[in-house]
Peer 1: 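Questions regarding the structure given below will be posed in turn.
What's counted below: heavy atoms across the whole structure, side chains too, no hydrogens, waters or symmetry copies. Just so we're clear, the structure is a prediction, and the values are computed from it rather than from any experiment.
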Amino acid sequence: MFITMNKGQVAAILDEIAVLLELKGENTFKCRAYSNGARAISQLDADLAQVIAEGKLGSIPGIGETLQEKITTLVTTGKLPFYDDLRAQFPDGLLQMLRIPGLGSKKVKALYEQLKIDSLDALRAACNSGQVAALKGFGEKTQAKILEGLAFLELGADRVRIDQALPIAQEILEELRGLKGVIRSELCGSLRRRKETIADIDILLSSNDPLPIMERFVKLPGVVQVVAHGDTKSSIKVNASEAARLLINCDLRIVTDKQFPFALHYFTGSKDHNIAMRARAQHMGLKLNEYELAGAGKSVACKDEAALFKALGLDYVPPELREHTGEIDAALAHQLPSLVKTEDIHGVFHCHTDWSDGKATLKEMAGAAQKLGLKYLGIGDHSQSLTVANGLTPERVQKQHAEIDALNAKLKGFRVFKGTECDILADGRLDFSDEVLETFDYVVASVHTNMNQSEADMTARIVKAVSHPKVTMLGHATGRLLLRRDAYHVNLEAVLKAAAEHDTMIEINAHPQRLDIDWVHCKRAKALGVKLVINPDAHSTAEIGLYPYGVDVARRGWLEKKDVFNTMTLAEVETALA
DNA sequence: GCCGTTTTCGGCCCGACTGTTTTCAGTCG
């Protein structure tokens, strides 16, 4: 009888063991073995309990005898005494202290053992009294840096959303691009891979004269702290939003133009992708690092990233796919997907107007969509029970439909579709009767209330809704708000299977606060044959333009044009919805 | 702790930067 402990939970515990072993002063490589094991488990495609039952755990690279035994204990009993003992040896505060930039396990260990510091508050007090600076291996600067790090943590600014980072990153990039001596320049890291949240902005430049560029970089307007300032690498914190007191880390690296393709690949990551790429190079008798691809004493010249992939016998892997989830094997077999592009999108669904909680009128929304070059706009105002969002009663729905008809009569080559974002009630029923639902061109069903249900209840509720014959698509499937609110408890696998069975689409909510379902589940949805639809969930004219963030998610989820409903032309959508 | 065209021991990615020291350890990516 297996206790349910999923891959994510097991990986998190292995990762924590790695950190605790570091604090204990264990051999670095032993610690790393636990981290590697965590990564191997989290990237496992198969069901963990099943792998264990079949005795195949040990055949996963990175899982040896010890980890096999510990993971089995964890999954079959739900506990691991080894982990519990380890946790009991260190206060939780030490793990929090590790989040401070510049504090690693060695320093935290020293603070704990020599000054008995076991919490952020105790650490702040010790810094303020000068005790930390007096410690061997520490000093005034370290102490000041810790205080700055504590303030930084209080802002909750260790990660930001992509929409918060991207504009400022582009602004900095533009500023640097204009400087004398800059040859090539690019955003790297998780921003280039289009992750939904990022820890820092990474910028790479090539130049033969890096020093003046570095000088300028650390003095950019908006710089609140220079964390590091070297010849080829510098790091700053910039103020992204005065009002929100939002600080973002920004790293700049400068290499020669010959090194640029290698550095671009290296600093784009992900780390796991890079490790796999280096292994691929090694396999071919080559050595890959951030500066070169070398073998037999000489460098293999590559003019760009594509040439680098080619030199390793691989098709070009778009940055969004570089998460080590099979992209290298696919590139080797010439089986990478032809990813959906922003220009493939011809229209969007799920947009709100001032009929419910949107800011703009129907006409303004339609005009804004046309300006973006879209050919259709799906309206999806809230339904009657959501009174806080001015949800529409069946009577108001009728009136709105009359207004849409009148508007459509005036539009040429563009159409407004009559939709609703219909609430999924607590028991899985919909917020409108079938007769009312019948009057819409399409129905988005979403959860907005009773979000604290058990996983079983929430799953049954959503499965019931996506199984309803009138439901066209499921809106923001997990309800998460990035960095603010976790997803509600739901078995998404069951939801996706029900969606596949009933031919219901799943929304990729392109609003950068949601980006839900996320890319991992896109991939799974595609495998199950579920069609996805990229919707901005716009509450204003400007927010219609957010849909490219949803395209990023789709690309990270290996989706092609044919997998996304709103890549269809107006005529095709009219036929599909009829 | 894991792994093996280096196979039961001895490596495991490694370069940049900072701060504290005085030649290097710790942190980061």
Side-chain angles (χ1 to χ4, degrees), chain A residues 14 17-19 21-41 57-71 82 97-111 132-146 148-149 158 188-191 193 198-204 210 214 218 225-236 249-255 259 262-263 265-292 294:
Chain A
L14 293 179
I17 289 174
V19 172
L21 288 177
E22 268 184 44
L23 282 174
K24 215 178 158 182
E26 270 286 1
N27 175 311
T28 328
F29 299 107
K30 186 173 172 179
C31 304
R32 198 181 294 169
Y34 280 90
S35 304
N36 290 341
R39 189 166 55 231
I41 293 302
L57 193 57
S59 61
I60 299 170
I63 309 291
E65 214 171 309
T66 307
L67 281 178
Q68 195 179 339
E69 191 187 307
K70 293 203 161 80
I71 293 167
F82 169 75
M97 285 159 65
L98 283 169
R99 291 174 59 215
I100 296 170
L103 275 195
S105 54
K106 299 273 170 61
K107 288 210 167 100
V108 167
K109 189 168 148 63
L111 289 164
V132 170
L135 217 54
K136 186 165 183 287
F138 289 69
E140 289 294 338
K141 286 198 174 173
T142 304
Q143 181 171 274
K145 230 178 166 175
I146 292 173
E148 277 170 8
D158 43 352
C188 301
S190 44
L191 264 183
R193 302 200 313 278
I198 65 140
D200 30 39
I201 295 168
D202 287 303
I203 298 177
L204 177 71
M214 281 298 180
V218 298
Q225 190 192 341
V226 178
V227 183
H229 182 188
D231 295 353
T232 65
K233 181 187 164 180
S234 292
S235 188
I236 57 170
N249 287 307
C250 180
D251 293 347
L252 173 65
R253 292 177 169 92
I254 307 181
V255 296
Q259 295 168 331
F262 307 100
H265 177 263
Y266 184 89
F267 293 121
T268 296
S270 65
K271 191 178 170 192
D272 294 342
H273 168 86
N274 287 355
I275 289 170
M277 284 286 279
R278 278 199 296 276
R280 167 93 194 138
Q282 263 171 10
H283 182 71
M284 297 174 71
L286 300 165
K287 186 182 160 234
L288 176 65
N289 62 26
E290 58 259 63
Y291 303 118
E292 62 173 1

Peer 1: Is it the case that the side chain of A:Ser270 and the backbone of A:His273 share a donor-acceptor pair, with hydrogens and angles ignored and the cut-off at 3.5 Å?
Peer 2: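 Present.
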Peer 1: Report which part of the nucleic acid A:Asp231 touches: base, sugar-phosphate, or nothing (heavy-atom distance under 4.0 Å, all strands).
Peer 2: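 Since only primed, P, OP1 and OP2 atoms lie under 4.0 Å of A:Asp231, the category is sugar-phosphate.
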Peer 1: How many whole angstroms separate atom CD1 of A:Ile71 from atom P of B:dG1?
Peer 2: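 Atom CD1 in A:Ile71 sits about 13 Å away from atom P in B:dG1.
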Peer 1: With rounding to the closest Å, how many angstrom separate the P atoms on B:dC9 and B:dG19?
Peer 2: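 Nearest-Å result for B:dC9 against B:dG19 at atom P: 45 Å.
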Peer 1: Under the side chain to side chain contact (heavy atoms under 4.5 Å, CB included) rule, collect the residues that match up with A:Lys233, sequence neighbours excluded.
Peer 2: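 Expected list: A:Arg253.
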Peer 1: Summarise protein proximity over nucleotides 20-27 of chain B in one line of letters, 5' to 3': B for base, S for sugar-phosphate only, - for none, counting protein heavy atoms closer than 4.0 Å.
Peer 2: SS----SS
Peer 1: For the CG atom of A:Asn289 and the NE2 atom of A:His265, what is their distance to the nearest 0.5 Å?
Peer 2: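 Spacing of CG (A:Asn289) from NE2 (A:His265) equals 12.0 Å.
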Peer 1: Measure all distances between protein nitrogen or oxygen atoms and nitrogen or oxygen atoms of nucleotides 11-14 of chain B, and list the pairs falling under 3.5 Å.
Peer 2:
| from | atom 1 | to | atom 2 | distance (Å) |
| --- | --- | --- | --- | --- |
| B:dC13 | OP1 | A:Arg32 | NH1 | 2.3 |

Peer 1: Taking for each residue the nucleotide of DNA chain B with the nearest heavy atom, is it A:Ala33 or A:Val227 whose nucleotide lies nearer the 5' end?
Peer 2: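 Its nearest nucleotide being more 5', the pick is A:Ala33.
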Peer 1: Between P on B:dC17 and CZ on A:Arg253, what's the gap in Å once rounded to a whole number?
Peer 2: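 These atoms are roughly 9 Å apart.
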Peer 1: How do A:Asp251 and A:Tyr34 order along DNA chain B: which one's closest nucleotide is nearer the 5' end?
Peer 2: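 Result of the comparison: A:Tyr34.
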Peer 1: Without hydrogens or angle criteria, can the side chains of A:Gln225 and A:Glu148 be said to hold a donor-acceptor pair below 3.5 Å?
Peer 2: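 Side-chain D/A pair, A:Gln225 to A:Glu148: present.
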Peer 1: P atom, B:dG11 versus B:dT6: distance in rounded Å?
Peer 2: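 Comparing P positions in B:dG11 and B:dT6 gives a spacing of 14 Å.
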Peer 1: What interatomic distance, in whole Å, is found between P of B:dT21 and the corresponding atom of B:dA25?
Peer 2: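 Nearest-Å result for B:dA25 against B:dT21 at atom P: 13 Å.
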Peer 1: Please give, in whole Å, the distance from B:dC2 P to A:Glu26 CD?
Peer 2: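 Distance, rounded to whole Å: 13 Å.
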Peer 1: Using the C1' atom as the reference point in each nucleotide, state the distance between B:dG15 and B:dG10 in Å, no decimals.
Peer 2: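 My reading of the C1' atoms in B:dG15 and B:dG10 gives 23 Å.
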Peer 1: Write down the distance between CD1 (A:Ile236) and P (B:dC17), rounded to a whole number of angstrom.
Peer 2: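 Checked: the CD1 to P distance equals 15 Å.
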Peer 1: For B:dT8, give its Watson-Crick or G-U wobble partner with both distances under 3.5 Å, or none.
Peer 2: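 Base-paired to nothing in any strand shown.
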Peer 1: Give me the distance, rounded to whole Å, that separates B:dC17 from B:dT23 when you measure between the P atoms they each carry.
Peer 2: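 About 23 Å, rounded to a whole number of Å.
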Peer 1: Is it true that a side-chain atom of A:Asn36 and a backbone atom of A:Gly62 form a donor plus acceptor pair closer than 3.5 Å?
Peer 2: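 It does not hold such a pair.
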Peer 1: Where the side chain of A:His229 is defined as all heavy atoms beyond and including C-beta, which of B:dG15, B:dT18, B:dG1 is the nearest nucleotide?
Peer 2: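 Selected nucleotide (nearest to the side chain): B:dT18.
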Peer 1: Using atom P in both nucleotides, what's the gap between B:dA16 and B:dT20 to the nearest angstrom?
Peer 2: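 It works out to 22 Å between them.
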Peer 1: Once you round it to whole Å, what is the distance between P of B:dG1 and NZ of A:Lys30?
Peer 2: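 So the NZ-P distance, A:Lys30 to B:dG1, works out to 4 Å.
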Peer 1: Which heavy atom of A:Ile100 sits nearest to which heavy atom of A:Gly149, and what is that distance?
Peer 2: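 Result for this residue pair: CG2-CA, 3.9 Å.
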Peer 1: Counting the atoms with a prime plus P, OP1 and OP2 as sugar-phosphate, which does A:Thr232 contact under 4.0 Å by heavy atoms, base, sugar-phosphate, or nothing?
Peer 2: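 Counting heavy atoms under 4.0 Å across all strands, the contact made by A:Thr232 is with sugar-phosphate only.
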Peer 1: Taking the minimum atom-to-atom distance to the side chain of A:Lys145, which one of B:dC2, B:dG15, B:dT18 wins?
Peer 2: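 Within the option list, the nearest is B:dT18.
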Peer 1: Donor-acceptor pairs are to be reported for all side-chain atoms of residues 133-145 of chain A against protein atoms at under 3.5 Å, with residues two or more places apart or in another chain.
Peer 2:
| from | atom 1 | to | atom 2 | distance (Å) |
| --- | --- | --- | --- | --- |
| A:Gln143 | OE1 | A:Val132 | N | 3.4 |
| A:Gln143 | OE1 | A:Ala133 | N | 2.8 |
| A:Gln143 | NE2 | A:Cys127 | O | 3.2 |

Peer 1: Could you state the atom-to-atom distance from CD1 of A:Ile41 to P of B:dG1 in whole Å?
Peer 2: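 Atom CD1 in A:Ile41 sits about 16 Å away from atom P in B:dG1.
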Peer 1: All N/O contacts under 3.5 Å from nucleotides 3-9 of chain B to the protein, with atom names and distances to one decimal?
Peer 2:
| from | atom 1 | to | atom 2 | distance (Å) |
| --- | --- | --- | --- | --- |
| B:dC3 | OP1 | A:Gly62 | N | 2.6 |

Peer 1: Among all residues two or more places apart in sequence or in another chain, which pass the side chain to side chain contact (heavy atoms under 4.5 Å, CB included) test with A:Lys24?
Peer 2: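 With neighbours one apart ignored, the set is A:Leu86, A:Gln89, A:Phe90.
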Peer 1: Taking all non-hydrogen atoms of both residues into account, name the closest pair between A:Ser105 and A:Leu98 and its distance.
Peer 2: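 Looking at all heavy atoms of both residues, the closest pair is N-CD2, 3.5 Å.
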Peer 1: Looking at every non-hydrogen atom in both residues, tell me the closest pair between A:His229 and A:Val218 and how far apart they are.
Peer 2: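 Taking A:His229 first and A:Val218 second, the nearest heavy atoms are CE1-CG2, 3.7 Å.
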Peer 1: Looking only at atom C1', what distance separates B:dT5 and B:dG1, rounded to whole Å?
Peer 2: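 Those two atoms are separated by 23 Å.
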Peer 1: Give the rounded distance in Å between these two atoms: CG of A:Asn249 and P of B:dC28.
Peer 2: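 Spelled out: CG on A:Asn249 to P on B:dC28 is 11 Å.
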Peer 1: Would you confirm whether A:Arg39, through its side chain, and A:Asp272, through its main-chain N or O, come within 3.5 Å as a donor-acceptor pair?
Peer 2: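 Absent.
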Peer 1: Show the nearest heavy-atom pair for residues A:Tyr291 and A:Phe262, with the distance to one decimal.
Peer 2: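 The answer is O-CD1, 3.4 Å.
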Peer 1: Say you pick atom C1' in B:dC28 and the same atom in B:dC13; how far apart are they, in whole Å?
Peer 2: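 After rounding to an integer number of Å, I get 13 Å for this pair.
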Peer 1: May I have the distance from A:Phe267 (atom CZ) to B:dC28 (atom C1'), rounded to whole angstrom?
Peer 2: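 These atoms are roughly 11 Å apart.
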Peer 1: Would you name the heavy atoms of A:Ala199 and A:Ser190 that are closest together and state the gap between them?
Peer 2: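 Nearest heavy atoms, A:Ala199 then A:Ser190: N-OG, 4.5 Å.
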